[in-house]
Amino acid sequence: MSDVTIHAPTSAKPSPFSARSLSPYFFILPAVAVMFAGLVYPVIQSFYLAFFDWRIGTDMDDAPFVGMENFVRMLTDEGVRESLWVTMRFGFWTITIEMFLGVSLALLLEKPIRGASIFRTIFILPLMVSPVVVGLIWRYLFDARIGWINYYLGYLGIEPQVWLGDADLAFFAMVFTDIWQWTPFIFIIVIAGLQALPSEVMEASKIDGANWWQHILFVKLPMIKSILIIALLLRLIDVFRALEVMFIMTGGGPGRATEVLSLHIYNRAFTTQQLGYASAIAVLLIVIVSLLSLAILKMGNPMKDKADI
Amino acid sequence: MATTALKTTAMAGLTALLMSTSAALANPYAEYEGTTIVVSWPALAHFNAAEELVEEFMEETGINVEIDALQYLALRDRQLLEMSKPEGDYDVVSWVVMWKGEYVNKGLLTPLSQFFTDASLVDPMYDIDDIADAYLQNGGVVGGDLGYLPGPSGALYGIPFGAETSILAYRKDIFEEQGIEVPETYDELRDVMTQLHEAGIPALTSRGQTGHQVTAAWLFHLAPLGGRVFDDQWNPVVNSPEAVEAAEFLRHVANTGPIGIPTFGFGEAAAAFLQGEAAMHLDSLKIAAMSRNPDLSTIDGKVGYALHPVGTRCGAETGGFAMGIPANAPNPEAAFLFIQYMTSKQGDQRMVELGGDPVRISTLTNNTEGFDDYPVVAEQLPCADPNWRPLIPEWNELNIDVLGQALTQVITTDDPIQPIMDAANEQIREIMEREGYYIWAEHRGQ
């Protein structure tokens with residue numbers, strides 16, 4: 001007889017406060033601390049500041065508490081209304097065109113054709129340029145006096161245009177610049193998704209007799225739906241954060257033609273020094289972006305549909 | 001006889017010794033030798049030129065100077081943040097005149113009277129009266145009835161450095177070709193612009209970019225045409241007939257000037273003139289130094305200068321920069337010695353030699369050779385208007401947010417001007433009401 005004692009497995013759960021249960025939390029604590037300091041705290045601080053009339057150069061402790069006044073003022077502020085409208089129009093045009101162009105180009109360049117890799121590399125170059133430099137480049141290209149665009153239009157017999165000094169043309173210039181820079185972003189993530197699709201399914205659809213359009217519309221695009229939603233979500237968040245290019249190219253003008261909401265917040269905070277009021281508008285921005293993001297995720301949560309990637 | 005001679009010699013020797021000792025003791029810089037001061041100023045032509053003078057200051061005084069030169073648009077935020085700390089890094093800050101009211105209102109600057117009354121610091125030869133009065137009032141004084149100009153409660157917070165007024169620069173060759181006389185009044189200027197435009201020559205270049213720039217362009221014409229932003233009771237009057245006339249004139253400028261005015265800041269407007277794309281430039285005197293610089297200008301030698309045309313009154317702008325000492329400066333005495341050195345008669349003269357702009361009348365009158373603009377500037381300064389724009393803390397919001405938007409509409413559309421200015425006037429009133437300007441009027445039942 002062996003003297004080894006075999007213990008029956010105990011059904012009692014370990015204490016939730018035992019070192020073993022708590023140890024995972026200790027491991028993620030540094031990441032949580034960094035996230036809190038860099039992400040959660042600024043957001044909470046913005047909410048808090050929105051209830052004060054605080055101006056740069058004065059002590060925050062002396063800032064008068066104004067309750068909901070900043071939020072009430074925001075509702076009747078023409079600047080907020082106009083810049084929100086500019087942002088929505090800007091987002092609509094840029095995201096629609098970028099999604100269309102990015103997906104189309106990814107479908108065209110997906111196949112291993114000769115020279116495709118060179119074209120792909122050139123195509124993603126705009127992504128590598130910082131937004132400030134993009135703003136400077138296109139500001140000079142669109143310049144009415146010395147810009148290349150007017151120069152070449154002159155060869156076509158077209159009168160020089162004040163691209164950045166006319167409300168409609170300046171808005172068009174912003175949309176064009178954004179498309180130039182961010183279409184490659186859609187392209188790069190869509191092409192990655194397309195190339196990861198299982199070849200068996202593709203072959204099966206061909207054997208079943210699907211033509212080129214059917215193959216794309218009913219097989220490929222549904223299979224990369226999650227990727228398209230992620231691309232849409234990221235671009236939407238980016239549009240609401242966009243500031244640098246408009247700041248450099250037009251400063252939001254002429255009038256408020258290119259003043260997106262984040263640029264309006266910047267101007268309120270640092271030009272007119274009303275940090276409390278700017279914080280209230282920033283709260284509005286956070287709410288809008290959160291609601292729109294939730295709506296997009298409702299269309300199909302990419303986190304849940306891992307199987308189709 | 002010999003005793004007397006000996007006494008005389010001894011006395012002379014003693015006097016010489018005392019003089020040399022007192023001279024050594026009187027070196028005002030000795031106490032601050034080895035101190036490092038930090039100066040915040042903009043990366044603009046005048047200040048770039050001043051860097052060589054800063055080197056000379058360091059060699060001569062033993063005081064070290066670190067320059068934090070920032071892009072003009074980033075300067076105010078940085079200075080405000082630095083001056084809001086219990087002890088800041090800056091000993092000297094250079095502000096554009098529009099910011100002085102806000103800085104003083106927030107208690108961020110030190111009054112300079114405490115230094116100017118300290119015999120160990122102040123140079124008896126400094127002669128502050130020689131500094132152009134309009135510059136001193138506009139850039140350095142805070143207080144008085146309006147809050148930003150001299151008066152019973154006015155105090156000096158800064159010394160002008162890189163200051164300016166407006167003059168008319170014109171192309172002598174084009175005027176000669178077209179047989180045009182240099183305009184002296186606004187009526188003449190309007191006619192000249194039309195005549196040049198009809199001849200296919202862009203007439204007058206101007207700032208026009210939304211915000212501060214387009215407002216500045218309108219203000220250039222507002223003062224000479226007899227308008228103001230506020231009346232004596234702080235009621236906005238930007239919809240007065242004079243103000244609307246100034247806006248109409250600005251629209252005429254945009255319609256007859258070079259292409260792109262709605263996108264022009266000072267740099268672009270100046271570039272259009274310096275590259276030969278406009279016949280006139282009515283803005284800061286800085287255009288003169290720029291037109292002499294072959295790196296910037298293709299029209300050197302072709303430019304004439306004249307007084308800012310007169311409307312119902314003569315009223316050139318005053319603006320540019322001034323230097324002062326933050327209330328939280330670590331080394332305020334050494335900072336004062338630096339400001340005094342840079343704006344002294346010798347410093348001002350060196351600035352001219354280095355390509356900067358003078359602030360002293362004597363420098364202007366002593367350097368007429370080679371500087372065609374200096375006699376014009378000297379003649380212009382007595383009618384430079386230190387109140388051509390209100391330098392109140394709220395000005396930034398009115399300037400950029402309200403007037404900047406309204407005037408963009410004026411120059412980029414054909415909409416009737418009076419309703420645009422009426423709406424702007426109403427918005428300004430609301431802001432002034434929010435900021436408490438009419439509380440006393442209501443309290444008194446006015």
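As the structure is a prediction and not an experimental result, all values here were calculated from the model.
- In the displayed structure, A:Tyr155 atom OH is contacted under 6.0 Å by at most 12 heavy atoms of other residues, nucleotides or ligands.
- Closest approach of A:Pro254 to B:Thr412, counting heavy atoms only: CB-CG2, 4.3 Å.
- Using a 4.0 Å cut-off between a side-chain N of Lys or Arg and a carboxylate O of Asp or Glu, A:Arg55 and B:Glu394 do not qualify as a salt bridge.
- With a 4.5 Å cut-off on non-hydrogen atoms, B:Ala406 does not touch chain A at all.
- We find that B:Glu397 and A:Arg268 are joined by a salt bridge, their nearest charged nitrogen and carboxylate oxygen being less than 4.0 Å apart.
- Neither the backbone nor the side chain of B:Gln79 comes within contact range of chain A, judged by heavy atoms closer than 4.5 Å.
- When each of B:Ile259, B:Thr408, B:Val214 is scored by its heavy-atom pairs under 4.5 Å with chain A, the top score falls to B:Ile259.
- Counting heavy-atom pairs closer than 4.5 Å to chain A, the top residue among B:Ala272, B:Gly107, B:Gly211 is B:Ala272.
- No more than 12 heavy atoms of other residues, nucleotides or ligands lie within 6.0 Å of CH2 in A:Trp93, so this atom counts as exposed by the packing criterion.
- Looking only at side-chain heavy atoms (C-beta outward), B:Leu80 and A:Gln273 come within less than 4.5 Å of each other.
- The distance from atom CZ of B:Arg434 to atom CZ of A:Arg73, rounded to the nearest 0.5 Å, is 4.0 Å.
- Atom OG1 of A:Thr271 sits about 8.5 Å away from atom CG of B:Asp401, to the nearest 0.5 Å.
- Within 6.0 Å of the CD atom in A:Gln161, the count of heavy atoms belonging to other residues, nucleotides or ligands exceeds 12.
- A distance-only check finds no donor-acceptor pair linking the side chain of B:Thr263 to the backbone of A:Leu164 [under 3.5 Å].
- When heavy atoms are compared at a cutoff of 4.5 Å, B:Glu82 does not approach chain A at all.
- More than 12 heavy atoms of other residues, nucleotides or ligands lie within 6.0 Å of CG in B:Asp415, so this atom counts as buried by the packing criterion.
- Between A:Val162 and B:Pro262, the shortest heavy-atom contact is CG1-CD, 4.4 Å.
- Classification of A:Arg139 and B:Glu268 as a salt-bridged pair holds, one side-chain N sitting under 4.0 Å from a carboxylate O.
- Atom CE of A:Met99 has more than 12 heavy atoms from other residues, nucleotides or ligands within 6.0 Å.
- When each of B:Gln409, B:Glu102, B:Lys85, B:Glu277 is checked for heavy-atom pairs under 4.5 Å with chain A, B:Glu277 comes out on top.
- The minimum heavy-atom distance between B:Gly260 and A:Ala144, with the atom names listed, is CA-CB, 4.0 Å.
- Between B:Asp77 and A:Phe270, the shortest heavy-atom contact is OD1-O, 3.4 Å.
- Interface residue B:Phe264: only side-chain heavy atoms are found under 4.5 Å from chain A.
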